[in-house]
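See below for the structure under consideration.
Predicted, not measured: the structure shown is a model, and the values here were computed from it.
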Amino acid sequence: MHRFERVLPAALMVVPGPDGTVTFVRQLGGPYAGNWLLPGGGIEPGEPAEAAARREAREETGISVQDCSLFAVYEFTGKWEQGQYHLLMFAFLADRPQQVPAGFEGDNVGGIIQARPADIPLHSTDLRILTDAGLTSYPDDVVAPALAADGITMYAHRVGGTARFAAS
C-alpha cells in the first residue's frame, strides 16, 4: 500500500527566522511538490508527533528546535496525480527565532529560504497555518478561495492556550 492510500499522520514545524522571516523548504515530493512549504513530513510508527516535527525541521533545515508548542491539528484532503490523499497534520511553533546554518543543504528538499511570508508565493495551506500561528493575518475570504483553487479541503482543529493566534 502506498503511503498516501491511507490517512497519513504528519507533523510540521513553523520556525520563525531573523527579522520577521519564517523558514520554508521547497518540497520535492508529495501532493504539494514544487511549492515553498513549512518543514514537515510523515510521522514514523511509534514516533510522537512533536518528535517528528523536530526531526523534520532538523533534516530539512538544519535547525534543532529545543522548545515548541502544538497550536493546531489540520486535516487536508484533496486529489493529485496519484489519487486521493488525506493528511492529518500536527502543527508546532518553535518558541524562538532561529537561523538556518550557513551552507546547510536539506534532506529531500529543493531549497531552504528564510523569508517574510509576504515576499514569497505561499501555498494555500500555509495561509491558514501561519495565521493560526500568529505570524500573519490572512482573512478567511482570502484563504478559502486559495484552498478551493488548489482543490484542497482543510479542517483546522486549534489547540487553545499554546500558541499566539491571530484573529480570523
Which atom pair, heavy atoms only, marks the closest approach of [X] to [Y]?
X      : Y      : result
Gly20  : Pro117 : O-CD, 4.1 Å
Thr136 : Leu127 : OG1-O, 4.1 Å
Gly17  : Pro97  : O-CB, 3.5 Å
Asp107 : Glu60  : O-CG, 3.9 Å
Ala33  : Leu28  : CB-O, 3.4 Å
Phe104 : Arg58  : CZ-O, 3.6 Å

Using atom types as modelled and distance alone, determine if a side-chain donor or acceptor of Arg55 lies under 3.5 Å from a backbone N or O of Gly41. no

Could you check whether any side-chain N or O of Arg26 sits under 3.5 Å from a backbone N or O of Val109, counting only pairs where one atom can act as donor and the other as acceptor? no

Atom pair OH/CH2 of Tyr32 and Trp80 - distance to nearest 0.5 Å: 10.5 Å

Would you please indicate if the ring centroids of Phe90 and Phe71 are separated by under 6.0 Å?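 Between Phe71 and Phe90, which both carry aromatic rings, the centre distance is not below 6.0 Å.
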
Evaluate the side-chain proximity of [Y] to [X]: yes if any heavy-atom separation is below 4.5 Å, no if none is.
X      : Y      : answer
Val22  : Asp126 : no
Tyr85  : Ile152 : yes
Phe24  : Leu122 : yes
His123 : Trp36  : no
Ser69  : Asp95  : yes
Arg54  : Cys68  : yes
Thr125 : Leu147 : yes
Leu130 : Tyr138 : no

Quick one: do Asp19 and Arg116 satisfy side chain to side chain contact (heavy atoms under 4.5 Å, CB included)? Show the steps, please. CA-CA 8 Å; Asp19 302 320; Arg116 288 184 178 84; 3.8 Å; yes

Ignoring hydrogens and geometry beyond distance, is a side-chain donor-acceptor pair present between Glu75 and His157 at under 3.5 Å?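 There is such a pair (donor and acceptor under 3.5 Å, judged by atom type) between the side chains of Glu75 and His157.
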
So, Thr131 and Ser137: side-chain donor and acceptor under 3.5 Å apart, yes or no? no

For Thr61, check side-chain hydrogen bond (donor to acceptor under 3.5 Å, both in side chains) against everything at least two apart and list the hits.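 If we apply the side-chain hydrogen bond (donor to acceptor under 3.5 Å, both in side chains) test to Thr61, skipping adjacent residues, there are no hits.
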
Pair Asp132 + Arg158: basic N to acidic O under 4.0 Å: yes

Cut-off 3.5 Å, no hydrogens considered: what does the side-chain donor-acceptor table look like for residues 8-15, sequence neighbours left out?
none

After noting the C-alpha distance and the side-chain angles of Asp67 and Arg96, does the key distance pass the side chain to side chain contact (heavy atoms under 4.5 Å, CB included) rule? CA-CA 8 Å; Asp67 297 311; Arg96 65 179 181 84; over 6 Å; no

Using the side chain to side chain contact (heavy atoms under 4.5 Å, CB included) criterion, which residues pair with Gln114? Sequence neighbours excluded.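 If we apply the side chain to side chain contact (heavy atoms under 4.5 Å, CB included) test to Gln114, skipping adjacent residues, the hits are Pro18, Thr21, Thr23, Ile63, Gln99, Val100.
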
